[in-house]
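Working notes for the structure below.
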Amino acid sequence: MSKKDKYRGKDFIRQMIHHDIDQGVNDGRLATRFPPEPNGYLHIGHALSIYINFGIAEEFDAPCYLRFDDTNPAKESDEYVNSIMEDVKWLGFDWGNNLAHASDYFESIHEFAIELIEKDLAFVDSQTSEEIRNTRGTLNSPGIESPYRNRSVSENLGLFNRMKNGEFENGEHVLRAKIDMSSPNINLRDPVIYRILNLEHQRTGKTWCIYPMYDFAHTLSDAIEGTTHSLCTLEFEDHRPLYEWFLDNLNLSTRPRQIEFSRLNVEHTITSKRKLGELVDSGDVSGWDDPRMPTISGLRKRGYPASALREFCKRVGITKKDKSIEMSLLESTVREELDATCNRVMAIMNPLKVTIKNYPDGESETLEASNHPKKKEMGIREMSFGKNILIEKDDFMESPEEDFYRLSPGAEVRLRYAYIIKCEEIIKDEDGEIIELICSYDPDTKSGVGKSKKKVKSAIHWVSADHSITGKVRLFETLYSDPSPDSDSPLNPNSKIEIDEAQFEQSLSNAKIGSRFQFERSGYFILDEIEDEKLSFNRIVTLKDTWAKIQKKKK
RNA sequence: UGGGGUGUAGCCAAGCGGUAAGGCAACGGGUUUUGAUCCCGUGAUGCGUAGGUUCGAAUCCUACCACCCCAGCCA
């Protein structure tokens, strides 16, 4: 295979990795890492990063570290690390023995800081944070060197040691790399690499009162654990020169390469940890795992299969272009997976009573319905049929529109897997609201036998009023109606609609929590909880609905 | 206005000097006891714009335009 063919069709990151391996960089070894800060729950944007870092490593049979970037004890907690581990696992990835924390390396990182000081490449700055900010310069003008920049190596060593020993208050001193205050890249203007934080760390306890900053800790963590390719999002592109400066000036055995890709944005969603946290704190959602949240745990609660999320990431692709993915792409991968794997079942959200006048009183019969129209091996289940049936309100129209081919006065329709019925009479209450339909059925049209081949315009779903079970259903839409919401966008008032008395066919009484079904002609649902024997389902995604589309177009 | 990036269809995305893959969406049509699924068909004389190099340019060069990111002791 020629080189050109080998790289063709691969995203630019895989091409670079292949190239590096071919060149024998880092002994032709590959190691990646997924480095979340445990200060919030993972969201769908992280799913792409996980998919890229773990997925690529998997292809090369290489390690991918799950490394917690826990360098800021003020913001981090165990709740988050636990949720992150659960989410990565659920997505189908395995870090094996490669679980790490930046805090595991605090000792080494500290030594590297000393190495920098000894090389006169770092100094202790005693300006206030405000002074440092004011002398950093602007995008258009250079910064001003700190008056402490020329302290001697031994003075720096001494001060840094005293910082470490807890002799100072927060903010009294800071360790800065000595690079270039006039660099057009602001990250190179003597960046702070260590700060005093008199704070207990969730893992190292009271061992440290100085903590490394992201750029320093991240670069060194990568190098220390042997990461060869540090794949991250575009906003770190400006940091790469600093990343490389550390690698150039410190004695390290691995030289990792940072490669940046564009982050994933999905329409109608927000993925700022801050905003997500606000939604949780304000009570606008039930928690980080609210089924409307774009968090991994929310998507899981919603019922999205992990395999569909992986497929979604695959279809999204890896590039450096800003992207805003339409929900329809996500939904199509979810439907594709669910269509292939879910048992079909019937449920009525808004029941309309149907009485079959020519069906004998007090009798019932058992009918067979297949669990999947295309997969016989998925079996069948039994449904009771009798005189009293419930259908969906939407499946009847007193004055049918031209394209409506469900039930209407005098019209015939098939009750799926049962009989063809005809609407004979409408019963209304005093407000003119339709409360019942009197229908007749044709006993010769039983599904699968006799005149069962008789054509009618449509088949609708139903349940037996005398056998169905009552339960809850929660219908979800996106949290925001705006395709590109910001933190001020109003929430979609229809993002959650609860139906307390949906009617399910009796076979559902055996359903287990976490199992997914297609409610025929309606959508895919997951059994979320059972309370006092009452089932409650979350709608994962609707079925495609051509009829709704036709109606929408008419308006 | 400094620096770093990115521009191929409504949304993604292949393409790597030889004449614009694929997916999602949309729109037609067929099958169907789910208006689902499935199947078939339709979309760029054009690749941000303008020039240039070349027999030949989305691919190379020049200029311009648009959008994104950066001034935490956050990551």
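Residue numbers start from 1 in every chain, and the chains themselves are labelled A, B, ... in the order their sequence lines are given, proteins ahead of strands. All values below were derived from every heavy atom in this structure, side-chain atoms included, with hydrogens, water molecules and symmetry-related copies excluded.
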Q) Within the side chain of A:Ser272, is there an N or O that forms a donor-acceptor pair under 3.5 Å with the backbone of A:Lys275? A) yes

Q) Is the glycosidic angle of B:G10 within 90° of 0, making it syn, or outside that range, making it anti? A) anti

Q.
Applying salt bridge (Lys or Arg N to Asp or Glu O under 4.0 Å), can you list everything that pairs with A:Arg240, at least two apart in sequence or on another chain?
A. A:Glu237, A:Glu260

(Q) Check the orientation of A:Trp288 and A:Tyr41. Use parallel for under 30°, tilted for 30 to 60°, and perpendicular for over 60°. (A) parallel

**Q.** Spacing of A:Lys314 atom NZ relative to B:A14 atom C1', expressed in whole Å
**A.** 15 Å

Q: With heavy atoms under 4.0 Å as the rule, sort A:Lys374 into base, sugar-phosphate or nothing.
A: base

Q: Could you measure between the two C1' atoms, the one in B:G10 and the one in B:A26, and give it in whole Å?
A: 8 Å

Q | Partner set under salt bridge (Lys or Arg N to Asp or Glu O under 4.0 Å) for A:Glu145, not counting sequence neighbours | A | A:Arg149

Q. Has the side chain of A:Asp70 got a donor or acceptor atom that lies under 3.5 Å from a matching backbone atom of A:Ala102?
A. yes

(Q) Looking at A:Arg414 and B:U33, is any side-chain donor or acceptor paired with a base atom of the opposite kind under 3.5 Å? (A) yes

Q) Does the gap between the ring centers of A:Tyr304 and A:Phe312 come in under 6.0 Å? A) no

Q) Can you check whether A:Ser324 has a side-chain N or O nearer than 4.0 Å to OP1 or OP2 of B:C12? A) no

Q) A:His43 vs A:His46 aromatic rings, parallel, tilted or perpendicular, using cut-offs 30° and 60°? A) tilted

(Q) What is the separation between atom CE on A:Met378 and atom P on B:U34, rounded to the nearest whole Å? (A) 17 Å

Q: Please work out if A:Gln518 contacts a base, only the sugar-phosphate, or nothing of the nucleic acid, heavy-atom cut-off 4.0 Å.
A: base

Q | Pairwise P distance, B:G29 and B:C67 [rounded to whole Å] | A | 42 Å

Q) Could you give the OH-to-P distance, from A:Tyr405 to B:U33, as a whole number of Å? A) 12 Å

Q: Would you kindly give the CZ-to-P distance between A:Phe385 and B:U33, to the nearest whole Å?
A: 19 Å

Q. Between A:Lys323 and B:A13, is there a side-chain N or O to OP1/OP2 distance below 4.0 Å?
A. yes

Q.
Checking A:Ser307 now: which residues fulfil side-chain contact (heavy atoms from CB on, under 4.5 Å) with it, not counting sequence neighbours?
A. A:Pro305, A:Arg310, A:Glu337

Q.
For the residue pair A:Ser230 / A:Thr227, report whether a side-chain donor-acceptor contact shorter than 3.5 Å exists.
A. no

Q | Sugar-phosphate only, base, or nothing, as touched by A:Ser141 at under 4.0 Å among non-hydrogen atoms | A | nothing

Q) How does protein contact run along nucleotides 24-30 of chain B, one letter per nucleotide 5' to 3', with B for base contact, S for sugar-phosphate only, - for none, heavy atoms under 4.0 Å? A) SSSS---

Q) Looking across every strand, which nucleic acid part, if any, lies under 4.0 Å from A:Tyr211 by heavy atom: base, sugar-phosphate, or nothing? A) nothing

Q. Rounded to whole angstrom units, what separation is found between the NZ atom of A:Lys321 and the C1' atom of B:G48?
A. 11 Å

Q: Could you tell me whether A:Arg240 contacts a base, only the sugar-phosphate backbone, or nothing, with contacts defined as non-hydrogen atoms closer than 4.0 Å?
A: nothing

Q) Going by the angle between their ring planes, with limits at 30° and 60°, are A:Phe519 and A:Phe504 parallel, tilted or perpendicular? A) tilted

Q: Scan A:Phe404 against the nucleic acid and name what it touches under 4.0 Å (heavy atoms): base, sugar-phosphate only, or nothing.
A: base

Q: Provide, to the nearest angstrom, the distance between the CD atom belonging to A:Glu331 and the P atom belonging to B:U37.
A: 13 Å

(Q) In whole Å, I'd like the distance from the CG atom of A:Leu188 to the P atom of B:G4. (A) 12 Å

**Q.** A:Glu392: salt bridge (Lys or Arg N to Asp or Glu O under 4.0 Å) partners, not counting sequence neighbours
**A.** none

Q.
Say we look at B:C68 and B:A58: how far apart would their C1' atoms be, to the nearest angstrom?
A. 22 Å

Q) Within the structure shown, what part of the strands sits under 4.0 Å from A:Ile460 by heavy-atom distance: base, sugar-phosphate, or nothing? A) nothing

Q. Reading nucleotides 66-75 of chain B from the 5' end, what letters show protein touch, with B for base, S for backbone sugar-phosphate only, - for no heavy atom under 4.0 Å?
A. --SBBBSBSB

